[in-house]
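A short worksheet on the structure shown next.
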Amino acid sequence: MEVNPRGIPKAPFVENVEDHVSEAEPVEIVLKKFQEAVAKYKFMEVNMMQRKRNLDAKIPEIRKTLEMVQFLQSQAEEGDEEKEIETMYELNDTLYATAKIKPTGKVCLWLGANVMLEYPVAEAADLLTSKLDTALKTLSNTDEDLAYLRDQITTMEVNTARVYNWDVKQRRLARAKEDAETLD
């Protein structure tokens with residue numbers, strides 16, 4: 001079975017319905033399998049969309065933190081150890097306080113799960129740069145996977161319509177044949 005680079009299976013396209021419908025697998029079972037496949041693809045799509053929303057929120061936060069660390073790094077490179085930086089920092093969503101910061105060459109980063117670590121400024125910049133690159137690559141892969149999933153959902157919906165229409169046509173032909181036999 002064909003899959004994309006992240007393991008999402010490719011939906012087969014039904015060119016000839018007779019190849020998929022048989023005595024062992026009547027139309028109802030084939031349609032049920034197709035509907036289950038569509039449901040699985042839609043489930044994956046919902047998960048990918050959630051991942052994309054999370055990344056869309058996370059990337060600007062990483063960028064903002066990286067910009068601040070780079071600013072602190074540039075201040076440290078100027079060499080004035082006594083120069084204070086006056087800034088506002090967030091206490092709460094809508095509450096800020098003013099602070100004067102002396103350059104220390106170190107910065108504390110929230111890593112998540114209530115963990116904060118102190119890093120040298122250069123190391124923090126490297127860490128944030130790698131996190132940003134990883135998040136951007138993951139976002140790109142997620143966008144690619146979403147497009148791929150939409151194609152697979154469309155293919156399966158077309159397959160379902162083809163099998164259903166084929167079944168309707170076969171029933172009409174059978175009914176016309178019965179009507180012709182009863183008239184004779």
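From a predicted model like this one, the values you see are computed outputs, not experimental measurements.
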Please report, to 0.1 Å, the donor-acceptor pairs under 3.5 Å made by any side chain of residues 29-45, with sequence neighbours excluded.
unit_1 : atom_1 : unit_2 : atom_2 : d
Lys33  : NZ     : Glu25  : OE2    : 2.2
Tyr41  : OH     : Pro9   : O      : 2.7
Tyr41  : OH     : Ala11  : N      : 3.3

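- By the 4.5 Å heavy-atom criterion applied to side chains, Lys83 and Lys102 are not counted as neighbours.
- The structure places NZ of Lys169 at 10.5 Å from CZ of Arg172, a figure rounded to the nearest 0.5 Å.
- The closest donor-acceptor contact from the side chain of Ser140 to the backbone of Leu136 lies at 3.5 Å or more, if one exists at all.
- In this structure, the separation between OG1 on Thr154 and CG on Asn159 is 11.0 Å, given to the nearest 0.5 Å.
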Distance-only check: which donor-acceptor pairs under 3.5 Å involve side-chain atoms of residues 55-67, not counting sequence neighbours?
unit_1 : atom_1 : unit_2 : atom_2 : d
Thr65  : OG1    : Glu61  : O      : 2.9

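- Chaining together hydrophobic side chains whose heavy atoms lie under 4.5 Å apart places Tyr96 alongside Met88.
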With a 3.5 Å cut-off and sequence neighbours excluded, list the donor-acceptor pairs that the side chains of residues 107-131 form with protein atoms.
unit_1 : atom_1 : unit_2 : atom_2 : d
Thr129 : OG1    : Ala125 : O      : 2.7
Ser130 : OG     : Leu127 : O      : 2.8

Next on the checklist: Using side-chain contact (heavy atoms from CB on, under 4.5 Å), reason through Lys10 and Met1 one step at a time and then give a plain yes or no.
Outcome noted: CA-CA 7 Å; Lys10 181 176 181 172; Met1 178 179 275; 5.9 Å; no

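- Closest of all the heavy-atom pairs between Val17 and Arg162 is CG2-O, 4.0 Å.
- Residues passing the side-chain hydrogen bond (donor to acceptor under 3.5 Å, both in side chains) test with Asn165, sequence neighbours excluded: none.
- For the pair Asn92 (side chain) and Thr94 (backbone), a donor-acceptor distance under 3.5 Å is absent.
- By the 6.0 Å contact criterion, CD on Glu2 is open, its count of non-hydrogen atoms from other residues, nucleotides or ligands being 12 or less.
- Between Arg171 and Asp167, at least one side-chain N (NZ, or NE/NH1/NH2) sits under 4.0 Å from a carboxylate O, which counts as a salt bridge.
- Within a 6.0 Å sphere centred on CD of Glu15, other residues, nucleotides and ligands contribute 12 heavy atoms or fewer.
- Between Met48 and Thr142, the shortest heavy-atom contact is O-CG2, 3.4 Å.
- Grouped by direct or indirect side-chain proximity (heavy atoms under 4.5 Å, Ile/Leu/Val/Met/Phe/Trp/Tyr only), Leu95 sits with Tyr89, Leu91.
- For the atom pair CD1 (Ile8) and CG (Asp151), the distance works out to 11.0 Å, reported to the nearest 0.5 Å.
- There is no path of hydrophobic side-chain contacts, each under 4.5 Å, that joins Val27 to Val158.
- Note: Gln170 CD to Leu173 CG = 5.5 Å, rounded to the nearest 0.5 Å.
- Closest approach of Tyr148 to Val3, counting heavy atoms only: OH-C, 4.3 Å.
- Here CD1 of Ile85 is found 4.5 Å from CD of Gln75. Values are rounded to the nearest 0.5 Å.
- Going from atom CG of Leu139 over to atom OG1 of Thr134 covers 12.5 Å, rounded to the nearest 0.5 Å.
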